[in-house]
> 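Provided herewith is a single structure, encoded as structure tokens, for subsequent inquiry.
The structure displayed is predicted, hence computed values, not measured ones. This chain uses plain numbering: 1 for the first residue, then up along the sequence.
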Amino acid sequence: MIADFFLRSLGHLGSLSELLGLSHYMEIMNLYTDLKFTPPTSDENIKVTDTTFNKVPVRLYVPKKKSNKLRRAVIFIHGGGWCIGSPAMKGYDRLSRWTVERLNAIVVSVDYRLAPKHHFPVPFEDSYAVVKFFLQKEVLIEYGVDPNRICIAGDSAGGNLAAAVTQQLQDDAEVDIRPKIQALIYPALQPLDLDTPSYRDNGHMPILSKSLMVRFWSEYFTSDKSLFNAMSSNSLKLTESSQLFPFLYWPALLPEKMKKTHTYSHSLQSRMSEFAKKYPGILDPRAAPLLVDDAKLSRLPQTYILTCMYDVLRDDGVIYAQRLRKAGVEVTHDQYDTFHGVMMFVAFPTDLSIGHTMTDRYLKWLNEKL
């Protein structure tokens, strides 16, 4: 609640600053990123360096202990609504260190360029550039990585990027090595229906409110406030005549216990064509991984998805898990009775943070499957 109070206060300050023409809303929100900054500090077990892969900044974590066999590797993409965040934040730094320690793995944490200075597809392209660079045989040999034991992971907006990158790799003829598994932690997977049951029920929950998520989505594509307003009113919803409609139609994709008494609204007139012409990214699977057919999903690797019951993004992850299973992909889906972002609060004592429980489960799955 303290963290939520701080973030909401930054949001109010950002809105005021933007109204007065002093700075952009996200510049103020990024003060949270600066506050949580941790320098690249090596210790007796891990060498930590800030470097670049394919001209994109990354924070690299390499075990110091010698290994007589090839290591595993995890490429992690941080969250923050594509607008804030960094691998150098304390929570991400600690998660990377724990991953190295538990798996004896190399961790590549991607520091992609952020919106609104860099709109879609720049964050995706930066993430993809890092992954494609690292998957080269000569790079894997340099770092002693087993090409058959690589994971792509990410949380929130990073989960979006991880899912999109993993999909894109399936069609890249230049890539010979592909990840063995993907891990998506409360991922954001579509910007077209922001009126699912989880958005309705959890719009005012801590850390990530509906209004903030709408702001993140709209800023990812443009700073044009008309898109924010359209997303806020859910007037980008796909019509039943769209070939993409079945991919997002939650009444057919969510379990009964999550639908509760909610009914699907057909009342709003869609302005999809208007905004799709102006900002085609909103229909691009690289921004909305749920907008791909089952044939493409069937080629994806074994997947871990973590969702939170009291999170606006819950239904995105649940729908993706359902669709992946239907396509024949082996999926492990864990859901916790908490709110968005909790896994990053690993700085708190174990007995005070469910984030430790979630992190332990995530790392255990990686250790078993990678």
Side-chain angles (χ1 to χ4, degrees), residues 1-41 48 50 56-59 76-97 109-120 122-123 126-127 154-161 185-186 188 203-225 227-228 231-232 308 311-313 339-348 352-353 355:
M1 296 306 295
I2 293 172
D4 182 58
F5 171 78
F6 182 70
L7 286 170
R8 287 178 187 266
S9 298
L10 281 179
H12 292 313
L13 182 60
S15 296
L16 178 61
S17 179
E18 193 170 69
L19 182 65
L20 296 175
L22 300 177
S23 65
H24 192 280
Y25 176 89
M26 290 303 173
E27 291 180 15
I28 301 299
M29 291 297 291
N30 255 311
L31 293 175
Y32 185 74
T33 303
D34 297 337
L35 180 67
K36 295 294 183 177
F37 174 81
T38 303
T41 306
V48 184
D50 284 342
V56 179
V58 299
R59 179 162 286 192
F76 190 88
I77 309 175
H78 72 82
W82 310 276
C83 297
I84 63 177
S86 160
M89 291 179 71
K90 188 173 183 178
Y92 290 119
D93 180 72
R94 183 163 295 189
L95 178 61
S96 294
R97 292 175 183 276
S109 195
V110 185
D111 195 8
Y112 56 90
R113 287 171 289 177
L114 300 173
K117 187 175 182 180
H118 302 283
H119 296 298
F120 173 84
V122 172
D126 283 357
S127 301
D155 73 314
S156 195
N160 166 284
L161 294 168
I185 302 166
Y186 29 77
H204 300 288
M205 280 291 165
I207 307 301
L208 185 65
S209 64
K210 177 179 178 177
S211 61
L212 181 56
M213 191 63 227
V214 172
R215 184 70 185 254
F216 281 145
W217 267 122
S218 62
E219 292 287 356
Y220 188 29
F221 300 115
T222 176
S223 294
D224 180 357
K225 292 296 188 293
L227 181 60
F228 171 80
M231 286 183 166
S232 295
C308 298
D311 178 7
V312 293
L313 298 179
F339 49 85
H340 186 89
V342 172
M343 205 167 123
M344 287 303 104
F345 290 95
V346 290
F348 291 111
L352 294 180
S353 178

> Within this structure, what is the OH-CG distance for the pair Tyr220 and Leu114, rounded to the nearest 0.5 Å?
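Nearest 0.5 Å value for the OH-CG distance: 11.0 Å.
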
> Show your reasoning for whether side chain to side chain contact (heavy atoms under 4.5 Å, CB included) applies to Val312 and Met205.
CA-CA 8 Å; Val312 293; Met205 280 291 165; over 6 Å; no

> Any non-hydrogen side-chain atom of Trp82 less than 4.5 Å from a side-chain atom of Asn160?
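Trp82 reaches Asn160 side chain to side chain.
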
> Could you measure the distance from the CD1 atom of Ile84 to the CG atom of Asp34? Nearest 0.5 Å is fine.
10.5 Å

> Minimum heavy-atom separation for Arg113 to Pro123, with atom names?
O-CG, 3.4 Å

> Taking ring-ring contact (aromatic ring centres under 6.0 Å, His included) as the definition, give me every residue that meets it alongside Tyr186, ordered by chain and number, with sequence neighbours left out.
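ring-ring contact (aromatic ring centres under 6.0 Å, His included) check on Tyr186 returns His340.
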
> State, to 0.1 Å, how close Ser232 and Lys210 come at their nearest heavy-atom pair, and which atoms those are.
O-NZ, 4.2 Å

> Atom OH of Tyr25 and atom CG of Leu10: how far apart are they, to the nearest 0.5 Å?
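Here the interatomic distance stands at 8.5 Å.
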
> For the atom pair CZ (Arg94) and OG1 (Thr38), what is the distance rounded to the nearest 0.5 Å?
8.5 Å

> Taking salt bridge (Lys or Arg N to Asp or Glu O under 4.0 Å) as the test, write out the residues that go with Asp311, two or more places apart.
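Result, salt bridge (Lys or Arg N to Asp or Glu O under 4.0 Å) vs Asp311: none returned.
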
> Hey, does the side chain of Tyr112 reach the backbone of Val56 with a donor-acceptor pair shorter than 3.5 angstrom?
no

> Can you name the nearest heavy-atom pair linking Asp4 to Pro206, along with the distance?
OD1-CA, 3.3 Å

> When you measure from the side chain of Thr41 to the backbone of Pro39, do you find a donor-acceptor pair of N or O atoms at a distance under 3.5 Å?
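Judged by distance alone, yes, a pair lies under 3.5 Å.
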
> Between Met344 and Leu95, is any pair of side-chain heavy atoms under 4.5 Å apart?
yes

> Keeping the roles fixed (side chain from Ser17, backbone from Leu13), state whether a donor-acceptor pair exists under 3.5 Å.
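Side chain of Ser17 to backbone of Leu13: no pair is present.
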
> Looking at every heavy atom in both Cys308 and Phe339, which two are closest together, and how far apart are they?
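Shortest heavy-atom separation between Cys308 and Phe339 comes out as SG-O, 3.5 Å.
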
> Within the distance-only criterion (no hydrogens, no angle test), does the side chain of His119 pair as donor or acceptor with the backbone N or O of Pro116 below 3.5 angstrom?
yes

> Could you tell me whether a side-chain N or O of Asp155 sits under 3.5 Å from a main-chain N or O of Gly79, the two making a donor and an acceptor?
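Such a contact is found between Asp155 side chain and Gly79 backbone.
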
> Strictly below 4.0 Å, N to O, side chains only: are Asp93 and Lys36 in salt-bridge contact?
no

> Nearest 0.5 Å, please: how far is OG in Ser156 from CG in Leu313?
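With rounding to 0.5 Å, CG (Leu313) is 5.5 Å from OG (Ser156).
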
> Rounded to the nearest 0.5 Å, how far apart are CD1 of Ile207 and CG of Leu212?
10.0 Å

> If I compare all heavy atoms of Pro40 with all of Asp50, which pair ends up nearest, and what's the gap?
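Nearest heavy atoms, Pro40 then Asp50: CG-OD2, 3.5 Å.
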
> Any heavy-atom pair between the side chains of Thr33 and Phe37 that's under 4.5 Å?
no

> Main chain of Glu18, side chain of His24: is a donor-acceptor contact present, judged purely on distance under 3.5 Å?
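Looks like no, no N/O pair under 3.5 Å.
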
> If the condition is ring-ring contact (aromatic ring centres under 6.0 Å, His included), which residues does Phe216 pass it with, not counting sequence neighbours?
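Phe216 satisfies ring-ring contact (aromatic ring centres under 6.0 Å, His included) with no residue once adjacent residues are dropped.
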
> How about Glu219 and Met26: do any of their side-chain heavy atoms sit closer than 4.5 Å?
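When only atoms from C-beta onward are counted, Met26 and Glu219 do touch, with a gap below 4.5 Å.
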
